[in-house]
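The structure appears below as structure tokens.
The sequence lines fix the lettering, A, B, ..., with proteins before strands; numbering per chain opens at 1.
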Number of protein chains: 2
Amino acid sequence: MAVTQTQASTGTAQRILDVAEELVQSRGYNGFSYADIAGELGLTKASLHYHFPSKAELGEALIERYSARFLESLEAIASTTSGADSKLEAYAGLYADVLRGERMCLCGMLAAEYQTLPERMHDSVIRFFDHNLTWLAGVLAQGQANGELSFDGPPADAAQTVLSTLQGAMLVARPYRDLTRFQAAADHTLASLNGTRSS
Amino acid sequence: MAVTQTQASTGTAQRILDVAEELVQSRGYNGFSYADIAGELGLTKASLHYHFPSKAELGEALIERYSARFLESLEAIASTTSGADSKLEAYAGLYADVLRGERMCLCGMLAAEYQTLPERMHDSVIRFFDHNLTWLAGVLAQGQANGELSFDGPPADAAQTVLSTLQGAMLVARPYRDLTRFQAAADHTLASLNGTRSS
DNA sequence: GTCTATAGGCAGATAGAC
DNA sequence: GTCTATCTGCCTATAGAC
């Protein structure tokens, strides 16, 4: 596919997704319009509808691409990083990178707007969280098993805590435009899972 | 004032705020319109503009009232609950109550939409978080001083962690419509601040 | 694939009668 | 205070030429 369709990854559809992704992450699904994308790309609104007939389909494509990329990052962390604690740090780093771009996690943003989203987008948002929770629970269980990590309750609950804290830290830190607020919450939570505690 | 203007607390302006508050917490500031409120109250859009000339002013009034009520709850907790751990539990309970109503924290929702909000609403959102963080840092410092709580770093960082986790737990749990997900994250984080640890 | 043109609806907001 | 009527603008979406 990469051969038969040269530059496919920078084709119009991808550039539309790039701009739409930035808009949703910074302004929300209800906070941008086809006109915003068209203006940014020098196209007309009608042209956008050729690639994505409805805004709901654009939204769906957005989540699918974002999730796929995010899951690739998770696999990359799993295969290149050794040690549960390092993996969790790398995981938090993914969120820090998003926040540095003055963006919210795409699915965190969509979670806030969930009740107003087209129904076809609902499952995709849930799936993103499910995948993250599964990955986190796996890392946490591994760390607990080899004594690297220490926490009460099932790994799934700790996973829920990590995901919640990172999403919430982005949410709260963004209005302040202050990455250190995110880091404080992220570091504190990861430290609380560490087997070695100073307290 | 309560005497000279009987039923002021259930007057039209207050009923507008009630409906608007529910709409913002469940759908977001960009996810509702004057028509939604008018329909719910059996009024016309024009009548709403008599009480709140612009949507920005309505939004501002919304945050002010919500913040005032929330701060009252914080004072009530501070004066009726003894023990830092109990205060933190009561604090988390405030969020749980909001989530039970299938709502997001008003200011958590507005934080997501922050970049699209009228500028006059910005400071009010920040102030809400500041007040919460100050209150939390005070409780945490108290608990740390008397040995009831134990955590690394300054109380302000722990406060940032608690606020982030609770906001994020609401954000993530709401699409699942599952209060237990919120509770898992809330309980886990509060337990990590407890002086007595099983690990 | 991109354009012009336009439809049809809803947004926030205002004027002025009652 | 609430209404009817209306304005202006933007929204998503479509038809059809190029």
Side-chain angles (χ1 to χ4, degrees), chain A residues 1 4-24 26-63 110 113 115-121, chain B residues 1 4-24 26-63 109-110 113 115-122:
Chain A
M1 187 191 288
T4 57
Q5 193 173 353
T6 310
Q7 296 291 55
S9 61
T10 52
T12 303
Q14 291 298 321
R15 284 165 55 221
I16 292 170
L17 289 173
D18 289 340
V19 174
E21 185 176 271
E22 197 276 329
L23 285 167
V24 173
S26 56
R27 305 177 53 87
Y29 183 80
N30 296 323
F32 84 100
S33 70
Y34 270 40
D36 295 324
I37 306 173
E40 187 73 27
L41 292 178
L43 294 176
T44 62
K45 293 183 288 175
S47 298
L48 304 185
H49 281 286
Y50 169 81
H51 296 280
F52 301 98
S54 75
K55 196 179 176 183
E57 290 169 84
L58 171 59
E60 233 185 337
L62 233 30
I63 307 174
L110 296 177
E113 300 176 291
Q115 294 191 5
T116 72
L117 297 181
E119 293 225 351
R120 62 195 310 171
M121 293 175 67
Chain B
M1 189 192 287
T4 56
Q5 195 175 354
T6 311
Q7 296 291 53
S9 61
T10 52
T12 303
Q14 292 296 321
R15 285 164 53 220
I16 292 170
L17 288 172
D18 289 341
V19 174
E21 185 176 272
E22 197 275 331
L23 286 167
V24 174
S26 57
R27 304 176 55 87
Y29 184 80
N30 295 324
F32 85 100
S33 70
Y34 270 41
D36 295 325
I37 306 174
E40 186 74 27
L41 291 177
L43 294 176
T44 60
K45 290 187 291 174
S47 299
L48 304 185
H49 280 284
Y50 169 80
H51 296 280
F52 301 97
S54 75
K55 196 180 179 184
E57 290 170 84
L58 171 59
E60 232 184 337
L62 233 30
I63 307 174
M109 182 65 85
L110 296 178
E113 300 176 292
Q115 294 191 5
T116 72
L117 298 181
E119 292 225 350
R120 62 196 308 169
M121 292 175 66
H122 282 186

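Among pairs with a residue in residues 46-62 of chain B, those fulfilling salt bridge (charged side-chain N to carboxylate O under 4.0 Å, His left out) read B/Glu60-B/Arg120, at least two apart in sequence or across chains.
Distance B/Lys55 NZ to C/dA13 C1': 13 Å, rounded to the nearest Å. If you take CD of A/Gln14 and C1' of C/dG1, they are 16 Å apart, rounded to a whole angstrom. Rounded to an integer number of Å, the gap from B/Leu58 CG to C/dA13 P is 10 Å. Counting to the nearest Å, the C1' atom of C/dG12 and the CG atom of B/Leu48 are 11 Å from each other. Rounded to whole Å, atom P of D/dC11 lies 11 Å from atom NE2 of A/His49.
In this structure A/Ala13 satisfies the side chain to side chain contact (heavy atoms under 4.5 Å, CB included) test together with A/His51, A/Phe52, sequence neighbours excluded. Remark: B/Glu21 pairs with B/Gln25, B/Leu62, B/Arg65, B/Tyr66, B/Arg69, B/Arg103 by the side chain to side chain contact (heavy atoms under 4.5 Å, CB included) rule, at least two apart or across chains. The side-chain hydrogen bond (donor to acceptor under 3.5 Å, both in side chains) check on A/Gln115 picks up nothing, with sequence neighbours excluded. Residues passing the side-chain hydrogen bond (donor to acceptor under 3.5 Å, both in side chains) test with A/Glu40, sequence neighbours excluded: none. The side chain to side chain contact (heavy atoms under 4.5 Å, CB included) test applied to A/Ala35 returns A/Ser33, A/Lys45, not counting sequence neighbours. Residues passing the ring-ring contact (aromatic ring centres under 6.0 Å, His included) test with A/Phe32: none are found, sequence neighbours excluded.
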Between the protein and nucleotides 3-6 of chain D, which nitrogen or oxygen pairs are less than 3.5 angstrom apart?
from	atom 1	to	atom 2	distance (Å)
D/dC3	OP2	B/Thr44	N	2.9
D/dC3	OP2	B/Thr44	OG1	3.1
D/dC3	OP2	B/Ser47	OG	2.7

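Taken residue by residue, residues 28-41 of chain B places no heavy atom nearer than 4.0 Å to DNA chain D.
A close approach under 4.0 Å does occur between a side-chain nitrogen or oxygen of B/Thr12 and OP1 or OP2 of D/dT2. At the phosphate of D/dG1, OP1 or OP2 sits under 4.0 Å from a side-chain N or O atom of B/Tyr50.
Between the CG atom of B/Leu41 and the CD1 atom of B/Ile16 there is a distance of 6.5 Å, given to the nearest 0.5 Å.
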